[in-house]
Amino acid sequence: MKNQLVIRGGRRLRGEITVAAAKNSVLPLIACCILSEQEIHIENCPAIADIFSMIDIIRSIGGDAQLQNGTLTVNCKHANPQLVSADLTGTIRSSVFVLGPILARFQYADISYPGGCEIGLRPIDLHIYGLKCLGVKVTEANGRILCDGKNRKGGFVNLDFPSVGATENIMMAGALGSGTTVIRNAAREPEIVDLQNFINFLGGKVSGAGTDVITVQGVQRLGGGVYKPMGDRIAAGTYMAAVACAGGAAYIRGAEPKHMHAVLEKLRRMGCEISEFERGVFITAEGRPRAVHKIETQPFPGFPTDMQPQITAVLSCADGTGCVVENMFESRFKYTAQLCKMGAKILVKDRVAVVKGVKKLSGAHVTAEDLRGGAALCVAALCADGETVIDGVRHIDRGYDAIENVLGALGADVTRV
Ligand code: UD1
């Protein structure tokens with residue numbers, strides 16, 4: 001099926017939208033359901049491709065998962081770890097999250113290396129190292145990871161780098177069974193706090209998330225219930241970048257400002273006025289954005305790498321020159337070639353992009369090659385002269401639930417053909 005977004009730029013945005021639960025929170029939460037034999041309901045779940053891939057993985061191992069009216073119901077009572085399919089785990093990076101929970105519940109796991117990614121190498125050595133620290137015997141051969149967890153117990157894990165995924169995987173691996181797991185130099189992202197809250201809600205014992213030392217006390221079993229995850233700070237940030245580019249005023253509900261301070265600070269310095277509420281922001285952007293001298297991606301609470309492409313799109317039409325440094329992923333500037341097709345003036349050297357703002361971008365035929373890079377093309381198209389046609393929409397659909405409807409609700413002229 002041909003799938004393109006057609007965006008006619010030049011309309012100011014105005015209105016109210018609400019973002020759903022965070023993709024990067026819900027994905028590990030779904031994997032975490034493997035730890036329990038009871039039914040779990042995850043509310044406010046977005047209908048996006050990455051979630052459907054994770055649902056497929058749960059079903060492929062004999063679990064039950066259904067997304068209906070925004071509530072995802074998962075029941076892994078009959079899960080069988082010997083069924084993990086290489087086809088599925090090979091297509092989605094987040095499949096690595098099933099490793100920790102499968103191991104914790106069944107003392108054994110055999111999965112293929114997780115799917116590739118357009119933004120960099122993304123190794124999983126820290127995940128494997130963490131499991132080994134818990135006494136798991138890991139053998140890697142022919143693209144598969146075989147884990148023997150018969151002697152799994154607690155342990156101390158000192159991460160070389162505060163990897164989000166490795167921290168989450170190790171938390172889940174330690175949540176069931178005897179022993180205490182201590183993760184040092186843990187990632188401090190809000191999604192880690194959400195995972196701690198989820199495990200504790202199910203009856204687990206995790207503390208310290210949000211700091212760099214997390215302690216997980218194993219318990220014998222976890223239960224079920226209804227859980228509402230945190231809102232999507234990256235989706236909210238993307239729509240704020242859209243307003244900053246196109247101009248206008250919008251109330252963006254659903255995500256917490258305390259999860260977005262680094263992004264709010266940059267947008268304010270670019271000239272946006274932002275009021276903060278408990279679960280939302282009101283953003284006003286008048287006139288052309290101002291360039292900020294330097295934006296550097298860092299682990300939380302620094303500027304998130306998942307907002308780097310969208311803020312670069314804003315810089316590309318700002319008044320002045322800004323510099324963007326990508327510290328997290330080595331290939332995360334590919335989308336800039338597409339922005340340049342729209343008239344952006346961006347020079348990329350290794351992990352640095354120098355962005356000389358232009359007065360006007362112009363519509364062009366461009367291709368999304370990864371999720372957030374695709375979102376950046378949408379943001380730029382909103383302020384471009386004329387029509388932008390975006391191919392590769394499947395990448396955008398991985399993380400945004402019908403982006404054309406959300407931008408349309410703010411008055412943008414966006415159609416999917
Ligand atoms: C998660 C997010 C992703 C976000 C990233 C950084 C999810 C589903 N995805 O990805 O959207 O961009 O955090 O905020 O939550 N690394 C290693 N070895 C490992 C693991 C990671 O070297 O075993 C490196 C990576 O290559 C990368 C850095 O650590 O350079 C950060 O990766 P990590 O924090 O693990 O990101 P993900 O969990 O993959």
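Interatomic distance, OG1 of Thr211 versus CD1 of Ile192, reported as 11.0 Å (0.5 Å rounding). Once rounded to the nearest 0.5 Å, the distance linking CG of Asn405 with CD1 of Ile17 reads 11.5 Å. Of the inter-residue distances, the one linking Glu326 atom CD with Thr297 atom OG1 reads 3.5 Å to the nearest 0.5 angstrom. Rounded to the nearest 0.5 angstrom, Ser95 OG and Met54 CE are separated by 7.0 Å. Atom CG of Asp194 is separated from atom CD of Glu189 by 12.5 Å, given to the nearest 0.5 angstrom. Between the CZ atom of Arg233 and the CD atom of Glu256 there is a distance of 11.5 Å, given to the nearest 0.5 Å.
Side chain of Arg105 to backbone of Leu176: no donor-acceptor contact under 3.5 angstrom is found. Judged purely by atom type and a 3.5 angstrom limit, Asn158 has no side-chain atom pairing as donor or acceptor with the backbone of Arg184. Judged purely by atom type and a 3.5 angstrom limit, Arg59 uses its side chain to pair as donor or acceptor with the backbone of Ala65. With Asn169 contributing its side chain and Gly100 its backbone, the two residues share a donor-acceptor pair below 3.5 Å. Looking only at distances, no side-chain donor or acceptor of Arg188 sits under 3.5 Å from a matching main-chain atom of Pro301. The backbone N or O of Leu377 sits nowhere less than 3.5 Å from a side-chain atom of Gln338 that would complete a donor-acceptor pair. In terms of modelled atom types and a separation under 3.5 Å, the side chain of Gln196 and the main chain of Ala209 share a donor-acceptor contact.
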- request: Could you give me the CA-CA distance, side-chain angles and deciding distance for Leu267 and Ile311, then say whether side-chain contact (heavy atoms from CB on, under 4.5 Å) is met?
  value: CA-CA 8 Å; Leu267 287 171; Ile311 206 81; 3.8 Å; yes

- request: Decide side-chain contact (heavy atoms from CB on, under 4.5 Å) for Met328 and Gln308; before the verdict, give the C-alpha distance in whole Å, the side-chain angles of both, and the deciding distance to 0.1 Å.
  value: CA-CA 10 Å; Met328 307 293 285; Gln308 178 263 100; over 6 Å; no

Verdict with supporting geometry, Asp306 and Arg332, side-chain contact (heavy atoms from CB on, under 4.5 Å): CA-CA 10 Å; Asp306 287 351; Arg332 211 165 193 179; 2.9 Å; yes

task: Start with the C-alpha gap between Glu276 and Lys258, add the side-chain angles, then the distance that decides, and say whether side-chain contact (heavy atoms from CB on, under 4.5 Å) holds.
output: CA-CA 9 Å; Glu276 299 181 24; Lys258 70 174 188 225; over 6 Å; no

From CA spacing to verdict: salt bridge (Lys or Arg N to Asp or Glu O under 4.0 Å), Asp125, Lys132: CA-CA 10 Å; Asp125 53 312; Lys132 285 181 178 168; over 6 Å; no

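A heavy-atom distance below 4.5 Å is not found between the side chains of Ile170 and Ile214. Taking 4.5 Å as the limit, every side-chain heavy atom of Arg372 sits out of range of all side-chain heavy atoms of Thr305. Looking at Met307 and Thr238, their side chains come closer than 4.5 Å, going by heavy atoms from C-beta outward. Proximity of Leu159 to Ile183: side-chain heavy atoms (C-beta onward) are separated by under 4.5 Å at one or more points. Put simply, the side chain of Ile34 reaches to within 4.5 Å of the side chain of Ile61, judged on heavy atoms. Counting only heavy atoms from C-beta outward, the side chains of Ile58 and Cys33 never approach each other to under 4.5 Å. Side-chain contact between Leu29 and Leu72 is absent, with no heavy-atom pair separated by less than 4.5 Å. Using a 4.5 Å heavy-atom threshold, the side chains of Leu103 and Leu131 count as touching.
Using a 4.0 Å cut-off between charged side-chain N and carboxylate O, Glu16 and Arg253 make a salt bridge.
With sequence neighbours left out, Asp50 forms a side chain to side chain contact (heavy atoms under 4.5 Å, CB included) with Lys23, Leu27, Ile92, Arg398. Not counting sequence neighbours, the partners of Glu387 by the side chain to side chain contact (heavy atoms under 4.5 Å, CB included) test are Val6, Arg8, Val389.
For Lys360, the NZ atom is densely surrounded, since the number of other residues' heavy atoms within 6.0 Å is greater than 12. Few gaps surround NZ on Lys341; more than 12 heavy atoms of other groups in view lie less than 6.0 Å from it. Annotation for Phe156: atom CZ does not count as buried by contact number, only 12 or fewer foreign heavy atoms lying within 6.0 Å. The neighbour count for Glu273 CD, taken as heavy atoms of other residues, nucleotides or ligands under 6.0 Å away, does not exceed 12. The environment of CZ in Arg268 is crowded: more than 12 heavy-atom neighbours from other residues, nucleotides or ligands sit within 6.0 Å. Atom CZ of Arg416 sits in a crowded spot, with more than 12 heavy atoms from other residues, nucleotides or ligands closer than 6.0 Å.
Glu39 and Thr73 are not linked by any side-chain donor-acceptor pair at a separation below 3.5 angstrom, with hydrogens and angles left out of the test. With hydrogens and angles left out, the side-chain atoms of Asp232 and Tyr239 include no donor and acceptor closer than 3.5 Å.
The minimum heavy-atom distance between Ser36 and Gln38, with the atom names listed, is OG-N, 2.9 Å. Residue Val226 comes nearest to Phe201 through the heavy atom pair O-CZ, 3.2 Å, listed as atom of the first residue, atom of the second, then distance. Between Ala47 and Leu67, the closest heavy-atom pair is CA-CD2, 3.9 Å. For the residue pair Phe106 and Ala79, the shortest heavy atom distance occurs at CZ-O, 3.5 Å. The minimum heavy-atom distance linking Ala318 with Ala291 is given by the pair CB-N, 3.7 Å. Nearest approach of Ile48 to Asp401, heavy atoms of both residues: CG2-N, 3.4 Å.
The aromatic rings of Phe277 and Tyr251 are tilted relative to each other, their planes meeting at an angle between 30° and 60°. In this structure, Tyr335 and Phe333 have tilted ring planes: the angle between them lies in the 30° to 60° band.
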